[in-house]
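Computed from heavy atoms alone, side chains included, the values below leave out hydrogens, waters and symmetry copies. None of these values were measured; they are calculated from a predicted model. One-based numbering along the sequence shown.
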Amino acid sequence: MSFDELLDQVGGMGRFQIFQLVLFFIVNILTCPHIILENFTAAIPDHRCWVQILDNNTLSGNDNGTLSQDALLRISIPLDSNLKPQKCRRFIHPQWQLLHLNETITNTTEPDTEPCVDGWVYDQSSFPSTIITKWDLVCGSQSLRSVVQALFMTGSLLGTLIYSILSDCFGRKVVYLWCLLQLGIADTSAAFAPTFLIYCLLRFWAGTNITTIMHNSSSLVSEWTTTRWKTLGIIMILSSYSIGQMLLGGLAFAIRSWYTLHLALSIPLFVLFLPSRKLVESFRWLIVRNQLENGIKELRRVAHINGKKNTEEILTTEYVKSTIQKELDEIQIKTSVFQLLHAPKVIMRTSCLSFIRFANAVSFYGLVLNLQHLGSNIFLFQVLFGAIMLIARFISVWTLNYMGRRTNQILFAFLAGVSILVNTFLPQEMQTLRVVLATVGIGALSAANTGSALHQLELIPTIFRSILGGIILIFYRTGGIFAPLLMTLQGYSPHLTWIIYGVITLLAGLLALLLPETRNQPLVNTIQDVENDTKYSRKVKQEDTSTKVTQF
């Protein structure tokens, strides 16, 4: 490709590219955990109603002070169906008669109970403080936890729409720096939020920046790296997301206070902002935006960093123009958007891909945002999920190459759906099997997501890739919003949410059957190529293949 020829002149993998890759790797490791912070900052500890006779050290009616804490708990808090103290109700008056009854004997008259009007007492053995304990987001207010996560995902969707446009207008670097700074400010401020409403607004603000940081880092890596090294660079970027999840599990285990954990992940972003200013704007973007002189200036700057000599004599305006003219002509081809209305195959494929991406996002975020559903050791689960997602990405590379795009999605979607549904009806006592099935599910979803992202790029006409890809991305982000909101259904049925996660994943696998296989097929460029099923004799360019990998 012509752009690669220019990169060869300045160094396709020199000191600059290594610096850029290492910087993005570190930033993404610290950025990704912000998506799933509420796994720990909003962990729900064991709790019960505050009772004066038990928690104010006043033993009314027990002047000798001989009653144990267990005895006081028994006369103050009713038991649930599992013979454990209820979390959301208490006796209106102490039930002294319960001290003289065997646990197997039930009274004919049920004592009157009431909600926790005086607050709650929380178990601080695992978490000394969370946003749950700070603002009492339990019992009738427990659904607000899911609202926080949904607001963050809504911010992610809105930020994707806004900053993708701004990145095309003002450049990748400046928008990347702006979002990195905003994320640091928003989540640092969230640690000091005086009210729950302000905390929600700050997390929404943080969400608007997160996707752009990760997307622009991938864009800058792919646009400043030659085809030979591009796949390696993007694999490192993708690996940083999984490593970030593992880091969060370790940090949360060491730092149990929610606001300290917020600060530990947010303050380093200000430090990383300083070296990020040394990044170089994409010369491809500059040239496409008719800023040829600035593009040449950045090329020469990178050549200097990489130790290339005599670049001013080589990288002249005439040389750059002649090298990239053919590619610029291809970029500037325009086709009417109204043609899409008369392209049923394109519409059908876009609709299928939109639902598949939506379903994958619902199930994926449903698992990664609800670790407490699996058991109490959420620190281990977080590390385990990060590790299995890292492994799954490499496995999916093999399945995509040897089994095809469609088979990849069907196989892993069914594996994930069945794992979720079986796990839904397993008893809590089968802890090991539940964790194994959840781990298989998240790994399969990660692999299916990788396959659907690649399938999307190969099915959509190149000339409408931005428009149709943006529509599909909206559905994916919307799935991320629905995932935590569906958890509010657990108030009606503990299994309903997980059944939806499993069934929608199976439907996504079935829908993939309607899509054609694209392995070893050339990319389609126009609507006519799709509608006529045109087969090309031209050889697929190597950069096309590597570009598919970079978009995961």
Side-chain angles (χ1 to χ4, degrees), residues 32-44 142-157 203 207 210-211 241-242 245 248-249 354-375 378 381-382 384-386 388-389 392 409 412-426 428 434-450 452 475-509 511:
C32 183
H34 289 261
I35 301 176
I36 49 178
L37 260 179
E38 272 75 29
N39 274 342
F40 303 97
T41 61
I44 304 175
Q142 186 166 330
S143 61
L144 293 177
R145 178 184 187 270
S146 298
V147 171
V148 177
Q149 295 171 321
L151 281 173
F152 183 90
M153 291 299 176
T154 303
S156 175
L157 171 60
R203 285 293 286 161
I210 199 85
T211 305
Y241 304 153
S242 301
Q245 292 194 44
L248 176 61
S354 296
F355 180 83
I356 291 171
R357 297 282 280 167
F358 171 83
N360 287 345
V362 169
S363 304
F364 178 81
Y365 286 110
L367 285 175
V368 300
L369 293 177
N370 294 287
L371 295 183
Q372 277 193 297
H373 179 76
L374 301 177
I378 58 177
F381 299 154
Q382 186 64 71
L384 191 61
F385 274 21
I388 197 65
M389 288 170 62
Q409 294 177 74
F412 287 114
F414 272 82
L415 181 60
V418 171
S419 299
I420 294 172
L421 290 175
V422 172
N423 211 355
T424 300
F425 298 101
L426 284 179
Q428 294 287 340
R434 286 171 56 82
V435 172
V436 170
L437 286 173
T439 304
V440 171
I442 197 66
L445 283 169
S446 181
N449 241 336
T450 302
S452 62
F475 277 88
Y476 181 78
R477 296 299 172 200
T478 304
I481 297 171
F482 268 83
L485 288 179
L486 286 174
M487 290 304 296
T488 59
L489 297 177
Q490 289 199 305
Y492 303 97
S493 170
H495 299 315
L496 181 57
T497 300
W498 299 98
I499 291 174
I500 294 175
Y501 290 158
V503 170
I504 199 172
T505 305
L506 293 176
L507 289 176
L511 206 58

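One distance of note links CG of L511 with OG of S354; it measures 10.0 Å at 0.5 Å rounding. Between the OG atom of S242 and the CD1 atom of I388 there is a distance of 10.0 Å, given to the nearest 0.5 Å. The distance from the CG atom of L151 to the CG atom of L485 is 8.5 Å, given to the nearest 0.5 Å. In this structure, the separation between CD1 on I356 and OG1 on T505 is 11.5 Å, given to the nearest 0.5 Å. Here OG1 of T478 is found 12.0 Å from CE of M153. Values are rounded to the nearest 0.5 Å. The structure places CG of N370 at 11.5 Å from CD of E38, a figure rounded to the nearest 0.5 Å.
When all heavy atoms are compared, the tightest approach of I420 to S363 is CD1-CB, 4.2 Å. Between S143 and T488, the shortest heavy-atom distance links the atoms CB-CG2, 3.8 Å. Taking both residues in full, the closest heavy atoms of L369 and I36 are given as CD2-CG2, 3.6 Å, listed atom of the first, atom of the second, then distance. When all heavy atoms of G441 and L367 are compared, the closest pair comes out as C-CD1, 4.1 Å. For the residue pair G480 and A361, the shortest heavy atom distance occurs at N-CB, 3.9 Å. When every heavy atom of A483 is checked against every heavy atom of G366, the shortest pair comes out as CB-N, 3.6 Å.
By the 4.5 Å heavy-atom criterion applied to side chains, Q149 and R203 are not counted as neighbours. Using a 4.5 Å heavy-atom cutoff, the side chains of F412 and N360 are not in contact. Between L496 and L486, every side-chain heavy-atom pair lies at or beyond the 4.5 Å cut-off. A 4.5 Å side-chain heavy-atom check between F358 and R477 finds every atom pair outside the cut-off. L506 places a side-chain heavy atom less than 4.5 Å from the side chain of L421. I35 is listed as a side-chain neighbour of Y365, based on a closest heavy-atom distance under 4.5 Å. Residues I210 and F152 form a side-chain contact, since some pair of their non-hydrogen atoms from C-beta on lies under 4.5 Å apart.
Within the 3.5 Å criterion, the main-chain N or O of R434 finds a donor-acceptor partner in the side chain of N423. In this structure, S146 contributes its side chain and P484 its backbone to a donor-acceptor pair below 3.5 Å. Although no hydrogens or angles enter the test, the distance criterion places no donor-acceptor pair under 3.5 Å between the side chain of N39 and the main chain of I378. Between the side chain of T450 and the main chain of S446, a donor-acceptor pair closer than 3.5 Å is present. At least one donor-acceptor pair closer than 3.5 Å links the side chain of T154 to the backbone N or O of A150.
Listed by chain and number, the residues in a ring-ring contact (aromatic ring centres under 6.0 Å, His included) with Y501 are W498 (sequence neighbours excluded). Applying the ring-ring contact (aromatic ring centres under 6.0 Å, His included) rule to F414 yields no partners; only residues at least two apart in sequence or on another chain are considered. With sequence neighbours left out, R145 forms a side chain to side chain donor-acceptor pair (under 3.5 Å) with no residue at all. Applying the ring-ring contact (aromatic ring centres under 6.0 Å, His included) criterion to F40, with sequence neighbours excluded, gives F379. In this view, Q245 and Q382 satisfy the side chain to side chain donor-acceptor pair (under 3.5 Å) rule, not counting sequence neighbours. With sequence neighbours excluded, no residue satisfies side chain to side chain donor-acceptor pair (under 3.5 Å) with T439.
No option in T424, V436, V440, L445 other than V440 meets the side-chain contact (heavy atoms from CB on, under 4.5 Å) test with S419.
Ring geometry, F425 versus H495: the interplanar angle falls from 30° to 60°, so the pair is classed tilted.
Figure legend: cation-pi geometry between R357 and Y476, with NZ or CZ positioned under 6.0 Å from the six-membered ring centre and within 45° of its axis.
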